[in-house]
A.B. asks: 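Would you mind keeping the following structure in view while I ask a few things?
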Amino acid sequence: MDQFKNVLKAHSLKATPQRLAVHEAMLKLGHASADMVTEEILKSSSTKVTVASVYNILTNMALLGIYHHRLSSNNKMYFDVNTFRHLHIYDCENHQYKDVVDNELMELVENHFVKRRFRGYSIEHIDIQLIGRPTKKKRA
């Protein structure tokens with residue numbers, strides 16, 4: 001939490017109880033929508049928040065690069081507290097994200113695209129998302 005406070009300070013933001021509660025919930029959840037974070041805060045904290053205020057905090061944190069964000073197939077914005085190099089598996093039935101760390105695959109993709117040129121574009125980031133459904137065994 002001290003590291004998060006330092007990041008906020010570096011961006012000239014105050015460590016408000018709401019921002020701290022949102023970050024604590026995100027650390028617990030990993031990938032979450034504003035609804036999920038709000039529910040977690042109201043369940044485990046005395047901090048008062050609304051879904052709108054949580055969404056604004058999450059969006060601001062994503063714009064600053066503190067979190068990543070992605071739009072799911074159910075048109076909800078999900079935020080990711082993990083900003084290290086990784087890819088995702090998106091469960092399109094349950095609308096959940098799972099982190100997958102595969103450095104070998106990421107290196108292959110990055111090495112491939114470092115050699116490619118796209119007229120009028122400079123590639124800043126590679127984001128790989130695998131889309132899947134739970135296996136029958138997992139559903140039960």
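Values in this document were obtained by computation on a predicted structure and should not be read as measured data.
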A.B. asks: What are the two closest heavy atoms between Met36 and Leu29, and how far apart are they?
C.D. replies: O-CD1, 3.8 Å
A.B. asks: Compare every heavy atom of Asn75 with every heavy atom of Leu71, then report the nearest pair and how far apart it is.
C.D. replies: CD1-C, 3.7 Å
A.B. asks: Please report the C-alpha distance between Arg85 and Glu107 in whole Å, then the side-chain angles of each, then the deciding distance to 0.1 Å, and finally whether the side-chain contact (heavy atoms from CB on, under 4.5 Å) criterion is met.
C.D. replies: CA-CA 10 Å; Arg85 187 173 86 164; Glu107 279 185 42; 3.8 Å; yes
A.B. asks: Kindly indicate whether the side chain of Ser44, heavy atoms from C-beta on, has any atom under 4.5 Å from the side chain of Glu24.
C.D. replies: no
A.B. asks: Using only atom types and a distance under 3.5 Å, with no angle test, would you say the side chain of Asp91 pairs donor to acceptor with the backbone of Glu93?
C.D. replies: yes
A.B. asks: Tell me the closest heavy-atom pair linking Tyr78 and Ser33, and the distance in Å.
C.D. replies: CD2-N, 3.7 Å
A.B. asks: Grab the two heavy atoms, one from Ile66 and one from Thr83, that are nearest each other, plus how far apart they are.
C.D. replies: O-CG2, 3.3 Å
A.B. asks: Over all heavy atoms of both residues, which pair between Ala25 and Ile41 is shortest? Give the atoms and the distance, please.
C.D. replies: CB-CG1, 3.9 Å
A.B. asks: Phe4 and Leu64: same hydrophobic cluster, using ILVMFWY side-chain contacts below 4.5 Å?
C.D. replies: yes
A.B. asks: Can you confirm whether or not the ring centre of His68 sits under 6.0 Å from the ring centre of His86?
C.D. replies: no
A.B. asks: Taking the inter-plane angle between the rings of Phe79 and Tyr55 on a 0 to 90° scale, is it parallel (under 30°), tilted (30 to 60°) or perpendicular (over 60°)?
C.D. replies: perpendicular
A.B. asks: Between Tyr97 and Val101, is there a shared hydrophobic cluster once you connect ILVMFWY residues whose side-chain heavy atoms come closer than 4.5 Å?
C.D. replies: no
A.B. asks: side-chain contact (heavy atoms from CB on, under 4.5 Å) for Ile57 and His23? Distances and angles first, verdict last.
C.D. replies: CA-CA 9 Å; Ile57 290 168; His23 188 64; over 6 Å; no
A.B. asks: Transitively linked via ILVMFWY side-chain contacts under 4.5 Å: Met77 with Met61?
C.D. replies: yes
A.B. asks: Before giving the answer on side-chain contact (heavy atoms from CB on, under 4.5 Å), spell out for Lys76 and His95 the whole-Å C-alpha distance, their side-chain angles and the decisive distance to 0.1 Å.
C.D. replies: CA-CA 9 Å; Lys76 264 192 176 175; His95 306 290; over 6 Å; no
A.B. asks: Are Val7 and Met1 connected in the hydrophobic side-chain network, where two residues link if heavy atoms are under 4.5 Å apart?
C.D. replies: yes
A.B. asks: Are more than 12 heavy atoms from other residues, nucleotides or ligands located less than 6.0 Å from atom CD of Gln18?
C.D. replies: yes
A.B. asks: Taking the hydrophobic residues Ile, Leu, Val, Met, Phe, Trp and Tyr, and joining any pair whose side-chain heavy atoms are under 4.5 Å apart, which ones share a cluster with Ile128?
C.D. replies: Leu87, Ile89, Val100, Leu105, Met106, Val109, Phe113, Phe118, Tyr121, Ile123, Ile126, Leu130
A.B. asks: Looking only at side-chain N and O atoms, does Asp99 offer a donor or acceptor that is under 3.5 Å from a partner on His88?
C.D. replies: yes
A.B. asks: Judged by atom type as modelled, is there a donor-acceptor pair below 3.5 Å linking the side chain of Arg19 to the main-chain atoms of Lys14?
C.D. replies: yes
A.B. asks: Using the rule that two of Ile, Leu, Val, Met, Phe, Trp, Tyr join whenever any of their side-chain heavy atoms come within less than 4.5 Å, decide whether Val22 and Leu27 are in one cluster.
C.D. replies: yes
A.B. asks: Please report the shortest heavy-atom distance between Thr50 and Thr38, naming the atom on each side.
C.D. replies: O-OG1, 4.0 Å
